[in-house]
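The basis for the numbers below is simple: all heavy atoms, side chains too, and nothing from hydrogens, waters or symmetry mates.
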Amino acid sequence: MSDNAEIRGQHWAKTRNLTIVVLIIWAIFSFLVPGYMVESLNKMSFLDFPLGYYFCVQGSLVIFVVLIYFQNKRQDAIDDEFGVGDE
């Protein structure tokens with residue numbers, strides 16, 4: 001295996017692991033957290049929407065924006081580590 005192929009393999013392994021972590025966090029905040037809290041939150045309302053629905057919609061957006069930022073920063077660090085994208 002050439003050095004270039006080995007470096008590409010290491011880069012892909014780190015990128016794949018980052019993607020898996022991000023997808024797991026996304027799934028937790030998409031499915032588990034809202035499902036766990038929705039019954040108690042729906043007893044109250046905000047702007048005539050059940051509070052569980054409101055928190056799901058607004059909270060998920062905040063989490064997803066933070067998650068995108070984290071993934072981009074981490075991927076940039078991985079790319080810099082392996083010299084990918086330097087032109």
Side-chain angles (χ1 to χ4, degrees):
M1 184 187 243
S2 71
D3 287 340
N4 194 23
E6 186 176 326
I7 290 172
R8 284 193 319 234
Q10 291 172 352
H11 177 265
W12 171 243
K14 284 194 173 191
T15 299
R16 182 190 61 230
N17 291 340
L18 174 63
T19 303
I20 290 169
V21 168
V22 167
L23 286 174
I24 289 170
I25 294 170
W26 173 84
I28 288 169
F29 281 97
S30 294
F31 302 114
L32 297 180
V33 172
Y36 178 70
M37 300 177 67
V38 73
E39 286 185 35
S40 61
L41 289 173
N42 278 343
K43 293 176 184 172
M44 298 174 272
S45 66
F46 180 76
L47 299 175
D48 290 330
F49 289 102
L51 194 59
Y53 171 80
Y54 182 78
F55 275 3
C56 276
V57 172
Q58 299 302 320
S60 294
L61 288 175
V62 171
I63 293 297
F64 296 153
V65 168
V66 169
L67 194 57
I68 290 168
Y69 177 80
F70 165 77
Q71 182 180 17
N72 284 332
K73 285 295 186 186
R74 187 66 193 116
Q75 187 62 52
D76 283 345
I78 291 170
D79 290 347
D80 290 344
E81 179 183 348
F82 291 98
V84 175
D86 295 339
E87 297 181 54

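For residues 21-31, the side-chain hydrogen bond (donor to acceptor under 3.5 Å, both in side chains) pairs, not counting sequence neighbours, are Trp26-Ser30. Listed by first and then second residue, the salt bridge (charged side-chain N to carboxylate O under 4.0 Å, His left out) pairs that reach into residues 29-38 come to none, sequence neighbours excluded. Annotation: side-chain hydrogen bond (donor to acceptor under 3.5 Å, both in side chains) contacts involving residues 40-51, sequence neighbours excluded, are absent. For residues 63-74, the set of pairs meeting the side-chain hydrogen bond (donor to acceptor under 3.5 Å, both in side chains) definition, not counting sequence neighbours, is empty. Under the salt bridge (charged side-chain N to carboxylate O under 4.0 Å, His left out) criterion, the residue pairs touching residues 12-26 are Lys14-Glu81, with sequence neighbours excluded.
Listed by chain and number, the residues in a side chain to side chain contact (heavy atoms under 4.5 Å, CB included) with Asp76 amount to none (sequence neighbours excluded). The side chain to side chain contact (heavy atoms under 4.5 Å, CB included) search around Gln10 returns Glu6, Phe82, not counting sequence neighbours. Among residues two or more places apart in sequence or in another chain, the side chain to side chain contact (heavy atoms under 4.5 Å, CB included) test is passed with Leu61 by none. Applying the side chain to side chain contact (heavy atoms under 4.5 Å, CB included) criterion to Thr15, with sequence neighbours excluded, gives His11, Trp12, Thr19, Gln75, Ile78.
Note that CZ of Phe70 and CG of Leu18 are 6.0 Å apart. Values are rounded to the nearest 0.5 Å. Between the CD1 atom of Ile63 and the CD1 atom of Ile28 there is a distance of 11.0 Å, given to the nearest 0.5 Å.
Residue Val66 is not grouped with residue Ile24 when hydrophobic side chains (ILVMFWY) are merged at heavy-atom distances under 4.5 angstrom, including chains of intermediate members. Cluster membership for Leu67 and Ile20, using ILVMFWY side-chain heavy atoms within less than 4.5 angstrom, is shared. Leu32 is connected to Val21 through a chain of hydrophobic side-chain contacts under 4.5 Å among Ile, Leu, Val, Met, Phe, Trp and Tyr, so both are in one cluster.
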